[in-house]
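Contents: one structure, followed by commentary.
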Number of protein chains: 2
Amino acid sequence: MSTLKQVAAEAEVSVSTASAALRGMDIVRPDTIRKVEAAARRVGYRVNLSARALRNGRTGIFTAIVPDLGTAFYARFANSLSNALLAHGHRLVIQTSQYDAELELDLIRRANASVCDGLFVCPTASNGDAVRQAAGDQPVILFDGEDSGDTASLDRIETPNQSGMDAVIRHLAEDCGRTRIGIVGASDRSTPAAKGTRLRLSRCDYALRTMRSLGLNVEHAPVVSDWGVEAGIATARRLVADELAYDALCCMNDELAFGVLRGLAECGIRVPEDVAVTGFDGIPGCTYVTPTLTTVAVDADGMAQAAVSMMERRVGIGGAGLTGDGTVAADAASGNGTASRGNSSRRSRAGSRTEADPRNTIASQRLIAGFRLIVRESTAGRA
Amino acid sequence: MSTLKQVAAEAEVSVSTASAALRGMDIVRPDTIRKVEAAARRVGYRVNLSARALRNGRTGIFTAIVPDLGTAFYARFANSLSNALLAHGHRLVIQTSQYDAELELDLIRRANASVCDGLFVCPTASNGDAVRQAAGDQPVILFDGEDSGDTASLDRIETPNQSGMDAVIRHLAEDCGRTRIGIVGASDRSTPAAKGTRLRLSRCDYALRTMRSLGLNVEHAPVVSDWGVEAGIATARRLVADELAYDALCCMNDELAFGVLRGLAECGIRVPEDVAVTGFDGIPGCTYVTPTLTTVAVDADGMAQAAVSMMERRVGIGGAGLTGDGTVAADAASGNGTASRGNSSRRSRAGSRTEADPRNTIASQRLIAGFRLIVRESTAGRA
DNA sequence: CTGAAAGCGCTTACAG
DNA sequence: CTGAAAGCGCTTACAG
């Protein structure tokens with residue numbers, strides 16, 4: 001790899017000029033910029049990000065921590081986030097916590113010490129405070145994080161649990177005329193660290209709330225061990241053995257619903273004739289299970305883009321310092337001017353975090369993602 | 001974040017000693033090590049990887065380029081790779097090429113200039129040469145890459161296409177007594193850059209080879225547009241419209257098979273009574289589609305672990321230089337001693353890649369992953 | 001066994 | 001508008 005020094009020599013300018021020119025700073029004369037760019041191309045120059053990071057305190061690399069990539073929702077979300085960041089000239093390191101709260105906090109702590117400008121965290125069992133503390137001075141965007149006291153400087157994005165559940169329940173009650181709706185996804189408190197515990201409670205609560213507001217009978221929701229396919233299968237079998245007191249089963253996520261569909265099919269129960277089934281998330285499988293699954297399709301791309309905006313606001317980048325590696329980076333440079341100015345004035349030197357850091361003084365934002373209720377065979381029957 | 005200098009001051013030793021102590025080098029007296037470690041803990045020290053990378057030329061960060069994380073096989077593989085690297089004290093940046101050959105090469109080139117010690121690439125349409133060239137001096141492990149001329153210093157890992165297809169075809173023919181087997185997954189050459197083109201050709205060829213060896217009639221395989229669910233649905237409909245000349249449909253991957261199952265169900269064709277269906281990969285959906293899918297379950301974890309071994313061999317790390325950030329790193333230190341020695345002697349200074357770099361002189365390796373044929377309802381019927 | 005010094009490649013005040 | 005110099009935090013010969 002060639003260095004900036006070589007580019008400068010090739011272009012017959014100083015290293016400082018070469019540096020400024022490649023980053024397109026407007027104090028450099030246009031023809032000097034062209035000269036330097038040509039030289040960079042000739043010697044095949046690529047900026048060394050380690051050096052830049054050491055100087056800058058910035059790397060353009062962010063870290064996402066998701067419980068698992070084997071779960072379709074998280075895989076798709078990580079995909080969206082990765083692409084959204086890439087479009088802004090940044091990169092994403094994806095790591096998995098395997099639903100282990102300790103591992104999760106450890107990953108966050110390590111990211112903090114590592115080459116990373118900020119964190120995107122889908123917490124499994126840790127609350128906002130614990131995440132905030134582990135993250136140290138790194139900005140964090142939290143997804144579906146449990147609410148807690150001191151959350152200044154913790155931005156949040158949530159899946160539309162309340163409005164989504166409301167839409168599904170209304171669909172089952174009003175469009176499909178179901179009256180005995182079972183909520184599949186509750187868990188007793190004895191398995192607090194199991195997959196999806198947090199979400200589980202929240203989504204179930206919202207579903208029950210809408211049912212009550214519609215005057216529906218709220219029976220005990222079937223308890224499940226986790227939100228996976230196996231748990232869904234087991235639940236369906238158990239319900240059938242109990243003479244299936246429901247005419248609709250509203251599942252807290254798609255995988256659980258897949259399992260329920262499987263389990264019901266094995267018992268010879270017809271969907272949706274005997275019982276309607278719904279999911280939540282909108283993962284690809286919904287279109288090819290039999291019957292196809294009515295679900296709340298969460299706008300993962302929108303979530304990802306919002307997350308990137310929040311992060312850029314907090315990191316305070318217009319992109320200027322992070323691009324300029326010879327390739328065009330129009331996108332990244334189009335950030336807001338204020339943030340960009342704030343950037344350079346904020347700290348004169350890497351590591352000097354003595355002055356108040358706006359990362360922690362900006363008010364925190366909160367956003368709820370959009371969704372679409374997609375009606376398919378599992379509630380509407382075959383076309 | 002505190003620096004090594006502060007640790008040294010706290011421990012009342014020099015910076016060099018602190019550095020050596022934290023990496024557990026055996027030239028440091030044991031009690032000095034303890035003293036430094038205690039100091040590091042007190043000031044909450046974490047090594048700055050940018051600085052280390054600048055000095056070392058190593059970051060402990062690797063990059064994986066997969067076509068897509070929305071595809072279950074790649075998501076699972078990325079997951080496995082990420083975990084396998086983590087267990088060795090490294091980290092993985094996952095990026096997606098979206099089946100775009102240009103983007104793919106661009107990502108590889110960028111990774112080369114960035115904070116990255118090596119690349120894991122699942123190529124979409126680029127051949128080994130193009131990947132090798134884009135990667136520059138970075139080590140690359142290629143997955144299911146097309147064979148090409150100059151592949152020195154390109155290690156490869158392949159899914160067990162030949163033995164896997166052989167096992168499926170034999171299962172259909174010998175265990176299930178099927179004689180009219182259709183291979184779903186061929187494509188005409190007119191869509192060369194479409195999803196999975198490369199694999200498609202190879203797997204189909206192997207399937208047909210086994211069929212011929214068994215004396216089966218090899219008819220024209222149904223051409224599909226890609227390897228997705230939609231293509232599978234369309235194929236099934238087309239075949240049924242053509243009076244379904246097959247008693248088995250051997251699909252080149254699971255998603256295609258899911259689509260075929262869907263399409264057949266919509267047409268009222270029974271699986272496996274009228275026609276047996278098989279997939280390839282072993283993604284989670286196989287267990288919950290109806291009927292459950294017989295498939296070749298590729299050992300993704302094994303692939304990932306082998307990939308990490310190959311990479312470590314090529315990068316020449318025993319882990320010593322990359323760990324020692326205060327946390328215990330037993331795993332990482334247990335690499336092979338030879339590589340570890342080669343490491344320090346290889347280059348005295350970062351960036352001085354003048355001497356012959358073993359990265360490019362080590363003979364390339366090739367490995368074929370393991371698999372298990374898992375028989376389910378789609379060929380065996382319900383239990 | 002320990003310490004002082006050089007230098008990885010870059011960016012940014014600071015002088016011209 | 002351009003250049004010389006300092007320094008980000010670390011590791012590694014090299015002297016003691």
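To find a chain, count down the sequence lines: A is the first, B the second, and so on, and within it residues start at 1. Bear in mind the structure is a predicted one, so any value in this text is a computation, not a measurement.
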- [ ] Kindly say if A/Thr32 contacts the phosphate of D/dT2, meaning a side-chain N or O under 4.0 Å from OP1 or OP2.
- [x] yes
Task: Any donor-acceptor N/O pair, A/Ser2 side chain to A/Val43 backbone, under 3.5 Å - done: yes
- [ ] Verify, without hydrogens or angle tests, whether B/Thr3 (side chain) and B/Lys5 (backbone) share a donor-acceptor contact under 3.5 angstrom.
- [x] yes
- [ ] Please state whether the phosphate of C/dG3, meaning OP1 or OP2, lies under 4.0 angstrom from any side-chain nitrogen or oxygen of B/Thr17.
- [x] yes
TODO: Check whether any side-chain nitrogen or oxygen of B/Thr3 sits under 4.0 Å from OP1 or OP2 of D/dG9, and answer yes or no.
DONE: no
Task: For A/Ala84 against A/Gln305, the heavy-atom pair lying closest together - done: CB-CG, 4.2 Å
Open item on the list: Side chains of B/Arg313 and B/Ser309: any donor to acceptor distance under 3.5 Å?
Closed with: no
TODO: Round to a whole Å and report the spacing from NZ of A/Lys5 to P of D/dG3.
DONE: 16 Å
Task: Length of the CZ-C1' vector between A/Arg52 and C/dG9, whole Å - done: 11 Å
Open item on the list: Quick one: does any side-chain atom of B/Asp117 pair with a main-chain N or O of B/Gly60 as donor and acceptor, under 3.5 Å?
Closed with: yes
Open item on the list: If I take atom CZ in residue B/Arg55 and atom C1' in nucleotide D/dG7, what distance separates them, rounded to the nearest angstrom?
Closed with: 16 Å
Open item on the list: Looking at D/dA4, I'd like to know if its phosphate oxygens (OP1 or OP2) sit under 4.0 Å from a side-chain N or O belonging to A/Ser14.
Closed with: no
Task: Spacing between B/Leu4 atom CG and D/dT12 atom C1', to the nearest angstrom - done: 13 Å
Task: A/Arg23 side-chain N/O to C/dT12 phosphate OP1/OP2 under 4.0 Å - done: yes
Open item on the list: Any base atoms under 4.0 Å from B/Val28, or only sugar-phosphate, or nothing? Heavy atoms, all strands.
Closed with: sugar-phosphate
Open item on the list: Can you tell me if A/Arg29 touches the phosphate of D/dT2, counting only side-chain N or O atoms and a distance under 4.0 Å to OP1 or OP2?
Closed with: yes
- [ ] Can you tell me the distance, in whole Å, between the CE atom of B/Met25 and the P atom of D/dT12?
- [x] 7 Å
TODO: Determine, stepwise, if the pair A/Phe120 / A/Leu92 fulfils side chain to side chain contact (heavy atoms under 4.5 Å, CB included).
DONE: CA-CA 9 Å; A/Phe120 299 91; A/Leu92 184 65; 4.2 Å; yes
Open item on the list: Need to verify one output field. Residue with the more 5' nearest nucleotide on DNA chain C, B/Asp26 or B/Ala51?
Closed with: B/Asp26
Open item on the list: Nearest whole Å is fine: how far is D/dT11 P from A/Leu54 CG?
Closed with: 12 Å
Task: Where B/Ile65 and B/Ser97 come nearest, the two heavy atoms and their spacing - done: CG2-CB, 4.1 Å
Open item on the list: Run B/Gln365 and B/Arg156 through side chain to side chain donor-acceptor pair (under 3.5 Å) and show every step you take.
Closed with: CA-CA 6 Å; B/Gln365 285 190 332; B/Arg156 297 158 179 283; over 6 Å; no
Task: Stems involving DNA chain D, each a run of at least 3 consecutive Watson-Crick or G-U pairs under 3.5 Å - done: C:1-3 with D:14-16, C:5-12 with D:5-12, C:14-16 with D:1-3
- [ ] Measure from the side-chain heavy atoms of B/Ser19 and tell me the nearest of C/dG3, D/dT12, D/dA6.
- [x] D/dT12
Open item on the list: Does a side-chain N or O of A/Asn56 approach OP1 or OP2 of C/dT12 to a distance below 4.0 Å, or not?
Closed with: yes
Close N/O contacts between protein and nucleotides 14-16 of chain D (under 3.5 Å):
none

Open item on the list: From CG of B/Leu22 over to P of D/dG9, roughly how many Å is that when rounded to an integer?
Closed with: 16 Å
TODO: Any chance you could lay out the side chain to side chain contact (heavy atoms under 4.5 Å, CB included) test for B/Ser364 and B/Arg314, step after step, and finish with the verdict?
DONE: CA-CA 9 Å; B/Ser364 63; B/Arg314 200 159 284 284; 4.1 Å; yes
Open item on the list: Does either side chain, that of B/Ser14 or that of B/Thr17, offer a donor lying less than 3.5 Å from an acceptor on the other one?
Closed with: yes
Task: Selected nucleotide, minimal atom distance to B/Ile27 side chain, candidates C/dT11, D/dC10, C/dT2 - done: C/dT2
Open item on the list: Pick the closest DNA chain D nucleotide for B/Ser16 and for A/Ser16 by heavy atoms, then say which residue is nearer the 5' end.
Closed with: A/Ser16
Open item on the list: Rounded to whole Å, how long is the line connecting atom CG of A/Asn48 with atom C1' of C/dC10?
Closed with: 8 Å
